[in-house]
J.: 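Just passing along the structure, written as structure tokens.
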Amino acid sequence: MKKGFSSAVFRLSLSVVLLTMTAVSAHAGGILTNTNQSVLFLKNPARDAAIGLDGVYSNPAGVVFLPEGFHIAFNWQYAHQTRTITSVNPVFALGRKNNGNTTKIFEGVADAPIIPSLQAAYNIGNWSMQFNFAIPGGGGKCEFADGLGSFESVVGSIANMLQPLGAQGYDMDGYMRGRQYYYGIQLGAAYKIQPDFSVYGGLRLLYGDATYKAKISNIQVKTAAGYVDFSDFMLSATGTVEKNLGKVNAAIQQYEAARVTVPADILTTKAQLEGTLESLGKLQKYAQGVNLLCNQTSLGIAPVIGADYRFGNFNIAAKYEFKTQVRMKNESTVNEASEIAAVNKFRDGEEVNEDAPALLTVGLQWKPVEAVSLNAGYHHYYDKNAKWYNNTQELLDHGTNEYLAGVEWDVNDRLNVSAGGQLTRYGLTDQYMNDMSFVVNSFSFGFGFSYKVKDNITLTAAYFQTNYDDYDRVTSTEPQVSDSFTRNNHVLGLGVQVDL
């Protein structure tokens with residue numbers, strides 16, 4: 001009993017803390033990076049070699065080929081995402097709300113009603129001075145109204161282990177909510193070395209702001225007499241164990257008084273009861289449930305470089321974003337160091353590694369005719385070279401790879417329509433995946449139109465959808481313990497560009 005109860009204490013502590021790690025974002029891109037920083041991306045994500053104002057992010061070296069003057073664009077996006085985890089665990093059958101089922105679905109809803117971005121460039125001669133404001137990470141909030149399977153399974157395991165003391169089941173309320181925004185400002189300049197060749201250099205500033213809340217409440221234990229508060233059950237169980245331990249100690253005293261060797265089975269029973277009593281004492285701290293709050297902030301800066309080359313009907317471009325070192329500083333209800341390493345991630349004043357990985361993008365654009373552009377792109381995120389909390393990046397097989405393609409058609413001198421797709425492949429492993437923070441491979445597509453209401457004012461509208469694969473992770477086969485992860489994502493965007 002002692003080993004089982006001690007393990008339960010560890011897992012419950014760990015799960016509550018890890019619960020607050022759930023990432024909150026509704027985006028296209030890598031594990032920690034948003035690439036949908038303009039509405040033009042939504043209507044055709046393959047923008048890595050396109051010449052446009054959105055290039056201040058996607059192809060900054062190419063922006064210098066826009067006409068001279070001042071260009072500015074404002075974008076608004078709305079993103080809605082659901083995250084679904086189907087968990088299988090035999091202890092769920094003990095749950096009051098689970099109707100004897102061992103399978104339970106946990107769904108989180110992530111909404112980002114306002115994802116703004118602003119792009120600006122001033123072109124003069126061979127120079128282009130550029131500015132980009134966007135949300136390159138996070139971008140919303142996510143809520144799991146019923147909590148997650150990772151901590152309900154621990155409560156269920158505790159109820160299962162308490163069965164020798166009269167437990168027949170459990171009840172609980174779980175809740176999780178996270179909010180995460182990384183605000184990004186990029187400043188830089190592009191220069192035409194030759195009429196068809198340009199280079200870019202700039203700096204990207206990231207400011208991170210996140211809040212995580214986790215709650216486990218109303219923990220109850222089912223007994224023959226009905227459901228009772230966890231604290232009441234623990235008090236009764238502790239009294240029963242103490243009473244039995246008293247009887248064993250009295251028997252031992254009688255043997256010792258008679259100067260007779262105490263039987264081994266009595267000494268074993270004493271050790272087991274003492275271990276159970278110790279474990280029950282540790283579990284008492286959860287009698288009132290758990291209510292955690294952690295706020296995090298950070299600031300990071302990194303260089304960005306790029307190049308663009310035009311030849312004939314082709315344009316080729318590349319960009320490299322250096323790794324941004326991010327250390328999230330905590331303001332937390334956790335004030336003291338813990339023997340559990342994961343708890344220390346949320347200790348007040350602690351700085352947590354959350355680097356934005358380096359990113360290489362390469363793009364090609366071909367115009368078979370003047371009115372039609374065919375686009376292709378490739379992205380590689382150097383995830384394993386970043387540094388994340390507890391070195392979780394080392395659990396990945398490889399960095400993220402993305403493959404993009406799209407087409408644009410100038411219907412006339414006012415209207416442009418386009419569409420494109422993006423295939424995203426992560427280096428996922430069972431060791432990396434968990435229900436607190438997960439990504440899965442996906443295919444995205446987008447389409448939309450741009451219309452010039454005036455010669456210098458262009459409006460854009462677009463829709464973008466991501467279809468996700470399922471990732472199945474089997475933790476145990478005897479008994480069956482497994483999880484299946486998936487998501488869905490929808491984004492709407494509107495933008496306006498003014499050229500002066």
Side-chain angles (χ1 to χ4, degrees), residues 25 27-30 32-66 71-77 79 115-123 128-139 181-190 198-207 300-308 315 317-324 356-363 365 375 377-381 402 404 406 418 420 422 444 446 448 450 460 462 464 491 493 495-497:
S25 60
H27 67 269
L32 295 179
T33 305
N34 295 351
T35 53
N36 56 320
Q37 297 190 21
S38 73
V39 178
L40 292 178
F41 174 93
L42 300 183
K43 76 187 190 83
N44 173 20
R47 297 287 297 174
D48 303 296
I51 305 298
L53 184 55
D54 63 310
V56 298
Y57 170 71
S58 57
N59 177 20
V63 178
V64 74
F65 296 118
L66 291 177
H71 311 272
I72 186 169
F74 175 76
N75 303 269
W76 165 85
Q77 297 180 50
I115 307 177
S117 64
L118 179 68
Q119 290 93 39
Y122 179 66
N123 286 7
S128 174
M129 312 301 176
Q130 302 173 23
F131 170 85
N132 182 47
F133 168 79
I135 300 179
Y181 285 90
Y182 280 85
Y183 303 97
I185 293 177
Q186 185 170 318
L187 294 170
S198 64
V199 293
Y200 170 87
L203 290 175
R204 178 185 62 183
L205 177 71
L206 285 181
Y207 174 75
I301 190 169
V304 180
I305 57 175
D308 188 286
N315 189 66
K319 180 190 66 169
Y320 184 78
E321 300 178 12
F322 287 78
K323 178 182 72 176
T324 306
L359 167 62
L360 172 67
T361 70
V362 179
Q365 183 182 74
N375 307 273
Y378 169 72
H379 300 167
H380 180 74
Y381 300 83
E402 291 182 326
L404 308 96
S418 61
Q422 171 180 290
S444 303
S450 296
T460 300
F464 187 84
V491 186
V496 58
Q497 178 174 327

J.: Are side-chain heavy atoms of T324 and I301 found at a separation under 4.5 Å?
T.: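 In short, these two side chains do not touch, never coming nearer than 4.5 Å.
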J.: Within the distance-only criterion (no hydrogens, no angle test), does the side chain of Q119 pair as donor or acceptor with the backbone N or O of I72 below 3.5 angstrom?
T.: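 No.
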J.: Within the 4.5 Å heavy-atom criterion, are L360 and H379 side-chain neighbours or not?
T.: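 Counting from C-beta outward, L360 and H379 never come under 4.5 Å.
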J.: Walk me through whether T460 and L40 qualify under side-chain contact (heavy atoms from CB on, under 4.5 Å).
T.: CA-CA 7 Å; T460 300; L40 292 178; 4.0 Å; yes
J.: On a heavy-atom basis, which atom in G52 and which in R47 lie closest, and how many Å separate them?
T.: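 Taking every non-hydrogen atom into account, CA-NH2, 4.1 Å.
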J.: Answer with yes or no after comparing the ring centroid distance for F464 and F41 against a 6.0 Å cut-off, counting only values under it.
T.: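 Here the rings of F41 and F464 have centres that are less than 6.0 Å from each other.
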J.: Do L118 and N132 come close enough that some side-chain heavy atom pair is under 4.5 Å?
T.: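 Answer no - side chains too far apart.
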J.: So among N75, N36, D54, which one has a side-chain hydrogen bond (donor to acceptor under 3.5 Å, both in side chains) with S117?
T.: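 Testing S117 for a side-chain hydrogen bond (donor to acceptor under 3.5 Å, both in side chains) against N75, N36, D54 leaves exactly one candidate, N75.
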J.: Would you compute the distance between atom NZ of K319 and atom OH of Y200 and round it to the nearest 0.5 angstrom?
T.: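 The OH atom of Y200 is 9.0 Å from NZ of K319, to the nearest 0.5 Å.
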J.: Return the minimal non-hydrogen interatomic distance between L53 and A120, and the atom names on each side.
T.: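 That would be CD1-C, 4.1 Å.
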J.: How are the rings of H380 and Y378 set to each other: parallel, tilted or perpendicular (split at 30° and 60°)?
T.: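 H380 and Y378: parallel rings.
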J.: Any chance you could measure Q130, atom CD, to L187, atom CG, to the nearest 0.5 Å?
T.: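 Here the interatomic distance stands at 10.0 Å.
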J.: List the residues meeting ring pair (Phe, Tyr, Trp, His ring centres under 6.0 Å) with Y320, not counting sequence neighbours, and say none if there are none.
T.: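 In terms of ring pair (Phe, Tyr, Trp, His ring centres under 6.0 Å), with neighbours along the sequence ignored, Y320 is linked to F322.
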J.: Between Y381 and E402, is a side-chain hydrogen bond (donor to acceptor under 3.5 Å, both in side chains) present by the stated rule, with each step listed?
T.: CA-CA 9 Å; Y381 300 83; E402 291 182 326; 3.1 Å; yes
J.: Looking at OH of Y181 and CG of L206, how far apart are the two atoms once the value is rounded to the nearest 0.5 Å?
T.: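 Result: 16.0 Å between the selected atoms.
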J.: With side chains defined as the heavy atoms from C-beta onward, is the minimum distance between D48 and V362 less than 4.5 Å?
T.: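 No, their side chains stay 4.5 Å or more apart.
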J.: Who pairs with S38 by side-chain hydrogen bond (donor to acceptor under 3.5 Å, both in side chains), at least two apart in sequence or on another chain?
T.: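 So S38 forms no side-chain hydrogen bond (donor to acceptor under 3.5 Å, both in side chains) with any residue.
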J.: How close do M129 and A189 get, heavy atom to heavy atom, and via which atoms?
T.: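 Answer, listing the atom of M129 first, then A189: SD-CB, 3.9 Å.
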J.: What are the two closest heavy atoms between A46 and G406, and how far apart are they?
T.: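 Heavy atoms of A46 and G406 come nearest at CB-N, 3.8 Å.
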J.: Under 3.5 Å, side chain of S198 to main-chain N/O of A61, donor-acceptor pair present?
T.: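 Indeed, once roles are kept as given, a pair shorter than 3.5 Å links the two residues.
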J.: Enter the distance from Q186:CD to R204:CZ here, rounded to the nearest 0.5 Å.
T.: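 Between atom CD of Q186 and atom CZ of R204 there are 7.0 Å.
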J.: Which residues pass the side-chain hydrogen bond (donor to acceptor under 3.5 Å, both in side chains) test with D308, not counting sequence neighbours?
T.: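 Checked D308 against side-chain hydrogen bond (donor to acceptor under 3.5 Å, both in side chains); matches are N59, N315.
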J.: Start with the C-alpha gap between K43 and S418, add the side-chain angles, then the distance that decides, and say whether side-chain hydrogen bond (donor to acceptor under 3.5 Å, both in side chains) holds.
T.: CA-CA 6 Å; K43 76 187 190 83; S418 61; 2.9 Å; yes
J.: Please report the C-alpha distance between S128 and N123 in whole Å, then the side-chain angles of each, then the deciding distance to 0.1 Å, and finally whether the side-chain hydrogen bond (donor to acceptor under 3.5 Å, both in side chains) criterion is met.
T.: CA-CA 4 Å; S128 174; N123 286 7; 2.6 Å; yes
J.: Mind checking the CG-CD spacing from L404 to Q422? Nearest 0.5 Å is all I need.
T.: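 Nearest 0.5 Å value for the CG-CD distance: 4.5 Å.
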J.: Going by side-chain contact (heavy atoms from CB on, under 4.5 Å), Q77 matches just one of N34, I135, I115. Which one?
T.: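 Answer after filtering N34, I135, I115: I115.
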J.: Roughly how far, to the nearest 0.5 Å, is the OH atom of Y57 from the OG1 atom of T361?
T.: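 So the gap between those two atoms works out to 7.5 Å.
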